[in-house]
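Structure first, then comments.
Hydrogens, waters and symmetry mates play no part in the numbers below; they use all other heavy atoms, side chains included. Note that the coordinates shown come from a computational prediction; the quantities given were computed from them, not determined experimentally.
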Amino acid sequence: MAQRAEETISGTAKVFRFFRDLLVIVIIAFVASYALKTFLVRAFYIPSGSMKETLQVNDRILVNQLVPNVQKVDRGDIVVFRDPGGWVYPQAMPEANGFQKVLQQIGLAAEVTDEYVVKRVIGVGGDHVECCDMNGLMMINGVPIREPYVVMPEGATRVSEIDFDVTVPEGSVWVMGDNRYASKDSRYNQDQPGKGFVSEDEIVGRAFLLNWPLNRFGLLDSYSDVFAGLDDAQQSDGEPQESGDDAQRNEDDEKPKEQ
């Protein structure tokens, strides 16, 4: 009897230790997730089609919060930022239940809110951004760029429906949606106090991963090759320059051809 009682107590102790260890693991996981969300990575939900085809409605993305405070923000980056004021139209958002709200607070679920905006950075501090040149292309520091991520309606020949010519203040960025004819971005907020520019202080971070749906899971491209050489162009005298593609074509035209 005594031996059986000892075995029962031993079994109970093992069960207790198991659930105690499980509770500790869960608490550590929640604390780690909260710390991750607070300092490093944050999840967001995409409510609109302004970034098609790169991002679709209902997509979920992960955002690197080290940008721009630790890592600099670059042209081509997809960034999430707080609405500077007047950028976002009020819209119905999916209602989160109590459990989902808890998961959002600790970073295990994407935030569903209309307080944030997601766009692609086109110009950084000091850049001269204008549109469009005679070929309908965006120009940055006098250099026309070809943007493979841009979506335009059938028959459209310009990457922007409206003309603009701005110089980005230091500490700010000029942003645009990939779905150019359906994006309320810097172009359409020039009448706001910020004149269409987004302060780096408003940036939450750079979107680096599309994590939902799983059939589109993957890293998000900043297209650094599209914006290559623009820092040098920013330091130039402002004379229009050729993009890499155009320069290569002209170089090929000047090469001797076999008769």
Side-chain angles (χ1 to χ4, degrees), residues 37-52 54-96 100-101 103-105 107 109-125 127 129 149-151 160-162 164 166-212 220 222:
K37 176 210 169 183
T38 303
F39 300 108
L40 296 177
V41 177
R42 199 162 165 183
F44 284 91
Y45 158 87
I46 304 301
S48 76
S50 69
M51 281 295 293
K52 286 183 176 179
T54 304
L55 299 174
Q56 306 288 339
V57 176
N58 296 327
D59 280 355
R60 269 66 170 175
I61 56 175
L62 294 184
V63 170
N64 173 11
Q65 294 188 102
L66 296 179
V67 178
N69 294 325
V70 177
Q71 301 172 341
K72 72 172 185 174
V73 60
D74 286 321
R75 306 175 190 91
D77 286 348
I78 297 173
V79 294
V80 173
F81 55 93
R82 298 176 190 84
D83 180 5
W87 282 51
V88 178
Y89 295 121
Q91 57 181 310
M93 305 294 287
E95 186 68 27
Q100 289 173 325
K101 289 179 180 178
L103 293 181
Q104 288 171 0
Q105 286 299 314
E111 295 189 41
V112 180
T113 173
D114 60 2
E115 297 177 1
Y116 298 95
V117 185
V118 57
K119 302 293 180 189
R120 189 180 298 276
V121 175
I122 302 300
V124 296
D127 279 346
V129 186
Y149 44 80
V150 167
V151 173
S160 176
E161 187 176 16
I162 64 171
F164 59 90
V166 299
T167 298
V168 185
E170 293 295 338
S172 296
V173 294
W174 179 267
V175 298
M176 298 174 70
D178 289 357
N179 191 3
R180 286 290 161 80
Y181 284 67
S183 174
K184 188 175 182 286
D185 47 44
S186 289
R187 297 168 294 169
Y188 297 96
N189 287 283
Q190 296 182 72
D191 59 340
Q192 300 292 342
K195 298 182 179 180
F197 304 112
V198 177
S199 169
E200 291 187 4
D201 292 337
E202 301 289 344
I203 296 176
V204 176
R206 173 177 59 83
F208 69 95
L209 183 72
L210 196 164
N211 64 318
W212 187 265
L220 294 169
S222 292

TODO: List the atom of L210, the atom of T54, and the distance in Å for their closest heavy-atom pair.
DONE: CD1-O, 3.9 Å
- [ ] Please report the C-alpha distance between K119 and F81 in whole Å, then the side-chain angles of each, then the deciding distance to 0.1 Å, and finally whether the side-chain contact (heavy atoms from CB on, under 4.5 Å) criterion is met.
- [x] CA-CA 8 Å; K119 302 293 180 189; F81 55 93; 4.0 Å; yes
- [ ] Measure the CG-CG distance between N211 and D59 for me, rounded to the nearest 0.5 Å.
- [x] 9.0 Å
- [ ] Decide yes or no for V41 and N64: does some side-chain heavy atom of the first lie under 4.5 Å from some side-chain heavy atom of the second?
- [x] no
TODO: Would you indicate whether the side-chain heavy atoms of W87 and V175 approach each other to under 4.5 Å?
DONE: yes
Task: Expected output: side-chain S50 to main-chain S183 donor-acceptor under 3.5 Å - done: no
Task: Where V124 and V73 come nearest, the two heavy atoms and their spacing - done: CG1-O, 4.0 Å
TODO: Identify the heavy atoms of V118 and L55 that sit nearest to each other, and give their distance.
DONE: CG2-CD1, 4.1 Å
Open item on the list: Is there a side-chain contact between I46 and N58 in this structure, where contact means two heavy atoms from C-beta onward sitting under 4.5 Å apart?
Closed with: no
- [ ] Show the numbers, then the answer: is there a side-chain contact (heavy atoms from CB on, under 4.5 Å) between V80 and V117?
- [x] CA-CA 6 Å; V80 173; V117 185; over 6 Å; no
- [ ] Please list, chain by chain and in numerical order, all residues satisfying side-chain hydrogen bond (donor to acceptor under 3.5 Å, both in side chains) with Q192, sequence neighbours excluded.
- [x] none
Task: Nearest heavy atoms of V166 and F197, plus distance in Å - done: CB-CZ, 3.9 Å
Open item on the list: Tell me every residue that passes side-chain hydrogen bond (donor to acceptor under 3.5 Å, both in side chains) with D77, counting only those two or more places apart in sequence or in another chain.
Closed with: S222
Open item on the list: Within the structure provided, determine whether L220 and I61 are in side-chain contact (heavy-atom separation under 4.5 Å).
Closed with: yes
- [ ] Measure the CD1-CZ distance between I162 and F164 for me, rounded to the nearest 0.5 Å.
- [x] 7.5 Å
Task: Note, R75 side chain near D127 side chain (heavy atom, < 4.5 Å) - done: yes
TODO: Taking all non-hydrogen atoms of both residues into account, name the closest pair between L62 and A43 and its distance.
DONE: CD2-CB, 3.8 Å
Open item on the list: Could you check whether any side-chain heavy atom of I78 comes within less than 4.5 Å of a side-chain heavy atom of F208, counting everything from C-beta outward?
Closed with: no
Task: Selection residues 167-195 - residue pairs positive for salt bridge (charged side-chain N to carboxylate O under 4.0 Å, His left out), sequence neighbours left out - done: R120-D178, E147-R180, D185-R187
Task: Carboxylate-amine/guanidinium proximity below 4.0 Å for R206 and D74 - done: no
Open item on the list: If you apply the rule side-chain contact (heavy atoms from CB on, under 4.5 Å), what do you find for Y116 with Y45, and how did you get there?
Closed with: CA-CA 10 Å; Y116 298 95; Y45 158 87; over 6 Å; no
- [ ] Search all heavy atoms of V173 against all heavy atoms of I203 and return the closest pair with its distance.
- [x] CG2-CD1, 4.2 Å
Open item on the list: Do L66 and L40 have side chains that approach each other closer than 4.5 Å (heavy atoms only, starting at C-beta)?
Closed with: yes
